[in-house]
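Order of the sequence lines fixes the chain letters, A, B, ..., with proteins taken first and strands second; residue numbering starts at 1 for each chain.
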There are 2 protein chains.
Amino acid sequence: MADAIRALAIDAVEAAKSGHPGMPMGMADVATVLWTRFLKFDAADPRWPDRDRFVLSAGHGSMLLYALIHLTGHAGMGIEDLKQFRQLHSVAAGHPEYGEHPAIETTTGPLGQGLATAVGMALAERHLAARFGRSLVDHRTWVIASDGDLMEGISHEAASLAGHMKLSKLTVLWDDNGISIDGDLSISSSEDQLKRFAAYGWAVKRVDGHDPDAVAAACAQAVRASKPTLIACRTIIGFSAPTKAGTAGSHGSPLGGAEAAAAKAALGWTHAPFEVPEDLRALWATAGARSSGPRRSWLKRLAKHPQKGEFDRAIQGRLPDGWTDSLNALRASIAENKPNQGSRISSQKALEALVPAVPEMIGGSADLTGSNNTNVKGIPAMKPGDYAGRFVHWGIREHGMAAAMNGMALHGGIIPYSGTFLIFADYLRPALRLAALMQQRVIHVLTHDSIGLGEDGPTHQPVETLASLRCIPNVSVFRPADAMETAECWDLALRRNDGPSVLALSRQNLPTLSTETGENRCARGGYVLAEASGPRRATFIATGSEVQLAMAARDMLEAEGLPAAVVSLPCWELFAAQDPAYREATLGSAPRIGIEAAVSFGWDRWLGPEGAFIGMTGFGASAPAEQLYRHFGITAEAAAQAARKRITTNA
Amino acid sequence: MADAIRALAIDAVEAAKSGHPGMPMGMADVATVLWTRFLKFDAADPRWPDRDRFVLSAGHGSMLLYALIHLTGHAGMGIEDLKQFRQLHSVAAGHPEYGEHPAIETTTGPLGQGLATAVGMALAERHLAARFGRSLVDHRTWVIASDGDLMEGISHEAASLAGHMKLSKLTVLWDDNGISIDGDLSISSSEDQLKRFAAYGWAVKRVDGHDPDAVAAACAQAVRASKPTLIACRTIIGFSAPTKAGTAGSHGSPLGGAEAAAAKAALGWTHAPFEVPEDLRALWATAGARSSGPRRSWLKRLAKHPQKGEFDRAIQGRLPDGWTDSLNALRASIAENKPNQGSRISSQKALEALVPAVPEMIGGSADLTGSNNTNVKGIPAMKPGDYAGRFVHWGIREHGMAAAMNGMALHGGIIPYSGTFLIFADYLRPALRLAALMQQRVIHVLTHDSIGLGEDGPTHQPVETLASLRCIPNVSVFRPADAMETAECWDLALRRNDGPSVLALSRQNLPTLSTETGENRCARGGYVLAEASGPRRATFIATGSEVQLAMAARDMLEAEGLPAAVVSLPCWELFAAQDPAYREATLGSAPRIGIEAAVSFGWDRWLGPEGAFIGMTGFGASAPAEQLYRHFGITAEAAAQAARKRITTNA
């Protein structure tokens, strides 16, 4: 059965004239044991909520996964699909792409991500088991990981967290082949991985990856363990290739016709390319239906479960009825009380309205809970062995946090939101990108969003971070100006079910500027917060903490008889999606002055060649926030002066 | 002596009304042992090349470092400076900032960076000792690290590498205080750090951090060890504060007047704020001059050393005479032979010209050596115990690589250049940002720079990465169009001694478009590669692999009697620095069509509101490269058509 995987991998890579045959050939035995004896899944319904999750962290070995999906009889991965490996519009893409086939649990390829995503899936399972009971939620998470996965820094964060949280239903099968692209692994690494994972609190075991019974025994042991398990599977990369097996030569390119033929001959595989004999197909089909009984039993349990409706709703990602009630009440209260508070505090107030109403929301912080204001009073944290809590102390592990959040969202039944400083978006960026690519609803609460954080200085002041996030496709970056906009942006972030959102929030206090309690004006991305008292002579365009400066600058001009408008632009992506007429009407034809305590990169789109920008031109500095704004010339006076200059020039 | 540190830390944080007193108070004993008995330095010359390097990886405890610099008698860190802690223009910034004081070896604050940077410093020492001999280069690297440093993923990459490379002169003093911002460390972590580091091949030791003799014994053991050493120093955060010691409450905010007074009373410290009694000052001054004898001996050795000139040149970062000769010869050869090759191959050719001529250049790759083309034939790699090589197999550790490269550059005597795929800039971004902030000459060779990488698909196709790098202040992003521009950009990257450079290079072949062998036209960031045959009707502006499309589009228009120009824009930062007249003349007033196989974010600046952009609007896909260009409409035809449309509209 394993040789069928090998043959298909060889054939697909040869046909594509590119790809990675070595890993599928090396791990075919391990994967066969896992998929035929342990993995709980039913090819008839790859999205069965209580299936085991399988994550191919070593995504370059995608043909291993495609062959498994194909052989186990899933619809939508026919032999023609395998023949189209790595071709345009193929479900069998170069790396596994979430959404291309329902049995692909997550997009992998960037090393380490799959492992950390799996930790989130395993955590999600534990939480949902606590919420809905083990009769509905009782499954395992299995990972195949490579040396590269274990070398990446994120593996440390993920494995440390999994060990701490005692995620005993997580098993990692490590393809311990001793080879990396540059050659023998020993040229760059000599650590003892088993000892390392044992230090994290994992059960560890080493087996011959080509001995199915040994692999099965280790998996059985993992199932019984009270800790997550790492199984080092000693394998030969490119197994059976006569000259390339055990070398980097089999890793990332086709074997070539002669070597491919010889590899098949060594396996005793005599079938034509892409041909699998019926007897093997039958065996694999049986494996694909192995859990159909358990699935039917589960469906019966679900049908009569008192929480069926709630379970379905959560898994399908539908927000509960009335989830906006408290948020709307908060908006009314904001309009009335006009609080002057950091938008991180405003976010906390929004969370106090939302978290009780939306039981899928699981918060967290990378050890900045009190600064990010992401926890809500009375909501306990998840603990090792007690996963009912709805807050995660992620530790100082931003990257692992974001990847695990992806896993929670992918698992279903959870809407994860994080907390860290905006500057540390850089640490979690690769995982955020995957959330965007996979269209997952994860929400990052990123506070201390400018020089307004003050004394911590340039290492902590995210002058370029807004631009660096706005440029990622399918990320919604919200930078609300006050308490009202913060509530509105939270509403939008929660509604958004096809991609991640970032809320960039201030440390420093911000006055309430908007008292609109009806329309969610942030939904258009940008809007006229204050119209000019007459034909516009200038338009100030700002985001977040700088909108108050725009209002003050407007006051100055208006006092001088120069009608000026203020546009708040909390979400560029949404604004860009409006029709051009709305955008033009909002931005106006008068000179435009952009204000943001960040670099101007990207602002030209809104300001045009005649516009002016008041913001940063380089890194920040360490000093109290108010001094920094003055020092860097980000003031209402500077904005007003820029407007006056343009008005004069135009006149 | 330690109490002097504590008192100054308390006073400075109180005066600033912000800061982190807990760590300096906890680690004062450890730091005193290190600086008075082990650290080789001379306050009279903090830049002495053979000094030990001290890295405060836990940068939030900056007052520890400032107090040490002050007490040991360094110029430029007087008591007035400490009183200005965290104030504008103070050398005593919120986090240690490289460049603010010569005894600050590196900027720290973003956790994990200091540790990984120190690994690069230690590696640099080993290499330079191999090059110049131990009579000139024989020093150690000492790090104080926090729990947060060890939780971050980068710590894994750095520590694994240090263990593998047997960097025995690296010692990490871990502030093992069991407290993080969210509270007791046990809420988020339960790993066995000593076991973990032992798995990396480190010597490990645990001591009472408040027992100076125990700390000293452990340091002495570290000096003798044949491996890097981790010393877990059990400490009490906020040591001596009556109610806040041992709690997160002492971590990140002032103790408050009463608690501060009580803490000093507990220490028996009776002096006024910022006052240090003369006897203690004298003891500290003695420590500051402890290595003045060794420094003088070293100076004598240097003076008569046969490699003195070369050593001075390397340490000062001056490029050797004649270093451009081979590169100029390469340019002549390119003009003659017009190679059609990937710019990663062109980069390899440039390296073949440069690496033999510039002995400070140390290359490397994060396990993609053959793909990045960063190694040069005949240049051996560094190996554990044999550090003479000039190439580093960094392993699959992009983040650790980039931070260690920062350390190499900061150490002096080395110009490090890396290799990985452009997409993985996301993994190394926090370290690149620090290189920009610290103005260090590090060069990242980032290949496979667009959908042109083909079948590996969207996880590997950096559609937003160029924008995300261009927006970082002080990073020069070069995207050369052909072999000639690649040679020119390498010349510029090497000359650039005040910040990092990125070379974004193609996997796929690119024809030679420029045969200019005189002026380095890339030095202006952008230039007219092909002028229109008459008054411009359109200007095509492109970078890298898309410049050939611009040339083809120009041919189409010219054939139709529409004179069109092509502007190559290999480096936006340099182009932005040109005078406006040059920029306007280059870009012209005809409709501008931008072409780049990336998102348009940032392009508006060059295209203006009337411009058109041919590029990506979202993530890529898995398919052969040529098909992807057609699929996403990035073709000469599309560019020509966009120009025609604008010409018609304008007419």
Okay, A/Phe424 and chain B: the region with an atom under 4.5 Å from a heavy atom over there is side chain
Which atoms of A/Glu97 approach chain B - backbone, side chain, both or neither, heavy atom under 4.5 Å:
side chain
Could you tell me which residues satisfy salt bridge (Lys or Arg N to Asp or Glu O under 4.0 Å) with A/Arg433, sequence neighbours excluded, listed by chain and number?
B/Glu464
Ignoring hydrogens and geometry, is there a side-chain-to-backbone donor-acceptor pair from B/Ser155 to B/Leu150 under 3.5 Å?
yes
When A/His60, A/Arg470, A/Lys383 are compared by non-hydrogen pairs under 4.5 Å with chain B, the top option:
A/Arg470
Checking A/Trp606 against chain B: side chain, backbone, both or neither under 4.5 Å from a heavy atom?
neither
Criterion side-chain contact (heavy atoms from CB on, under 4.5 Å) on B/Tyr200 and A/Glu191, from CA distance to verdict
CA-CA 4 Å; B/Tyr200 295 140; A/Glu191 73 201 77; 3.4 Å; yes
Contacting region of A/Thr369 [heavy-atom separation from chain B under 4.5 Å]
both
Interchain contact, A/Ala158 with chain B, by part (heavy-atom threshold 4.5 Å):
neither
May I ask you to name which of A/Gln84, A/His156, A/Lys17, A/Arg397 has the most heavy-atom pairs under 4.5 Å with chain B?
A/His156
Per side chain to side chain donor-acceptor pair (under 3.5 Å), B/His399 is matched among B/Glu157, B/Glu152, B/Gln113 by B/Gln113
With chain B as the partner, which of A/His89, A/His631, A/Glu398 has the greatest number of non-hydrogen pairs under 4.5 Å?
A/His631
Select one option (side chain, backbone, both, neither) describing which atoms of A/Ser186 are under 4.5 Å from chain B's heavy atoms.
backbone
With chain B as the partner, which of A/Leu368, A/Leu469, A/Val392, A/Thr107 has the greatest number of non-hydrogen pairs under 4.5 Å?
A/Leu368
Greatest number of heavy atom pairs closer than 4.5 Å to chain B - which of A/Gly608, A/Ala621, A/Gly400, A/Ser160:
A/Ser160
Return the option, out of A/Ala93, A/Pro430, A/Gly109, with the maximum number of heavy-atom pairs under 4.5 Å with chain B.
A/Pro430
Residue A/Ala436 versus chain B: region with a heavy atom under 4.5 Å
both
Which residues share a salt bridge (Lys or Arg N to Asp or Glu O under 4.0 Å) with B/Glu584, sequence neighbours left out
B/Arg592
Checking A/Leu434 against chain B: side chain, backbone, both or neither under 4.5 Å from a heavy atom?
side chain
